[in-house]
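Before any comments, here is the structure.
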Number of protein chains: 2
Amino acid sequence: MPKKRILPYVLLGLINNKGKLSGYQISQEFKNEVGEFWHASHSQIYPELARMKDDGWVKDEDDGKSTYYLITDNGQQVLRSWLEEPLSKTGELFSLKLYFIKDKSDSLLKSLIRQELEIKLDKLTHLKKRLKTVFFSDKQIEQNYGHYLILTRAIERETNHVKWLRTNI
Amino acid sequence: MPKKRILPYVLLGLINNKGKLSGYQISQEFKNEVGEFWHASHSQIYPELARMKDDGWVKDEDDGKSTYYLITDNGQQVLRSWLEEPLSKTGELFSLKLYFIKDKSDSLLKSLIRQELEIKLDKLTHLKKRLKTVFFSDKQIEQNYGHYLILTRAIERETNHVKWLRTNI
DNA sequence: GTCAACATGTAATAGGTTACATGATTAC
DNA sequence: GTAATCATGTAACCTATTACATGTTGAC
């Protein structure tokens, strides 16, 4: 299967978050928090918006200065079903999807956190196993100190993340 | 300027860490910790190794079953000067470079941690400012709850990271 | 008036993935 | 013997970046 494209959903999510956005404004949005999880240059954004309009995901509204894009009912459904797709272990889409959830009481919020928790608990188990098997002696630590640091740091980081997920479930 | 290629340095770093590796073994390595920071498929690895051999960064050693690659003195220098390039704010190469430092007493270790600390302190300041400006009222939080969560989580995460960097300096 | 920022678009290129191919070895 | 894994390589395709291009608006 071809690799799943994320960009159109990101644009859809951004437009949905803000109500309406121009291509230029979207490119500026990537300088903010969402830029931590996804990025796109204007040369990608404009053609993508045109495609999305063709597909009926968005409609445009021109004020003579900028072309703004608004999400359609169809687009809402498309965004929603993308958000509802289960998180894959490799995808790293948790934060991105979270960013697109506006309402605190949206049931998807808890669902995403639960999914992420399960994935991260597995990962934590795996990392701890790796630490034991790879660094079974002080000699291993000394000879691959950088690797040792990032592995122990990863365990700390994931432990903190799991703790946060648990308090927000 | 064209975007800086990372892949050859990653292959060089992996070969340097392990002594010698075949193309196949390198592709397997990406299933381990280093895969968190970089990935390459075998169709990228084999041609890249051939180029690196042409450039004199590595030499090969065939046992009839696999072709193993070993780093040359030239390759050592190339790897070292890449590791010594200052970290860029956007690059996210800290963990990757750390992974390639074998010796605990290598002065580069402290240097990398110091650089990362500076970058992350700036980022933390920026995130805290964003929190104040974007979420100045409860209404903003309620209407963009996902965004609020990832922003507050990012502040927590970076705070922890800074703490870790400080204890490892 | 000119420099930065706003605003949109296309073309060339690089980087990376999936698919296509092939053959050897090992475990069952 | 046959399925999984080892092992390497190329071709086609897609994505995304940089460069090229152009015009407007607002600040100083």
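Lettering follows sequence order; numbering is per chain, from 1. As a basis for the values below, the full set of heavy atoms in this structure was taken, side chains included, without hydrogen atoms, waters or symmetry mates.
In this structure a side-chain-to-backbone donor-acceptor pair under 3.5 Å is present from B/Lys97 to B/Trp82.
Within the structure, a side-chain polar atom (N or O) of B/Tyr24 is placed less than 4.0 Å from OP1 or OP2 of D/dC6. Residue B/Arg5 has no polar side-chain atom (N or O) positioned under 4.0 Å from OP1 or OP2 of C/dA14. Regarding contacts with the backbone of D/dA7, every side-chain N or O of B/Ser22 stays at 4.0 angstrom or more from both OP1 and OP2. Checking the phosphate oxygens (OP1, OP2) of D/dG26, a side-chain nitrogen or oxygen of A/Lys65 falls inside 4.0 Å.
In this structure, CG of B/Leu11 is placed 11 Å from P of C/dG16, rounded to the nearest angstrom. If you take CG of B/Leu21 and C1' of D/dC6, they are 15 Å apart, rounded to a whole angstrom. As rounded to whole Å, 16 Å separates atom P of C/dA14 from atom CD1 of B/Ile6. Look at NZ on B/Lys4: it is 17 Å from C1' on D/dT17, rounded to the nearest Å. When the P atom of C/dA24 is taken as reference, atom CG of B/Asp63 falls 16 Å away, rounded to whole Å. Atom-to-atom, CD of B/Gln25 to P of D/dA7 comes out at 7 Å; the value is rounded to the nearest Å. Between the CD atom of A/Glu29 and the C1' atom of C/dA7 there is a distance of 16 Å, rounded to whole Å. Per the geometry, CD belonging to A/Gln28 stands 9 Å off C1' belonging to C/dC6, to the nearest Å.
Taking the six-membered ring where the residue is Trp, A/Phe135 and A/Tyr148 present perpendicular rings, their angle passing 60° and hence far from 30°. Ring geometry for A/Trp164 against A/His161 counts as parallel: the plane angle stays under 30°, on a 0 to 90° scale with 60° as the upper cut.
Contact between B/Val58 and B/Leu49 at its shortest, heavy atoms only, is CG2-O, 4.1 Å. In terms of heavy-atom proximity, A/His42 sits nearest to A/Pro47 at O-CD, 4.3 Å.
Of the options A/Lys163, A/Lys120, A/Lys128, a salt bridge (Lys or Arg N to Asp or Glu O under 4.0 Å) to A/Glu158 is made by A/Lys120 and by none of the others.
Shown for residues 34-52 of chain A: residues whose heavy atoms fall under 4.0 angstrom of DNA chain C, namely A/His42, A/Ser43, A/Tyr46.
Aromatic rings of B/Trp38 and B/Tyr9 (six-membered ring for Trp) have centroids beyond the 6.0 Å cut-off, not under it.
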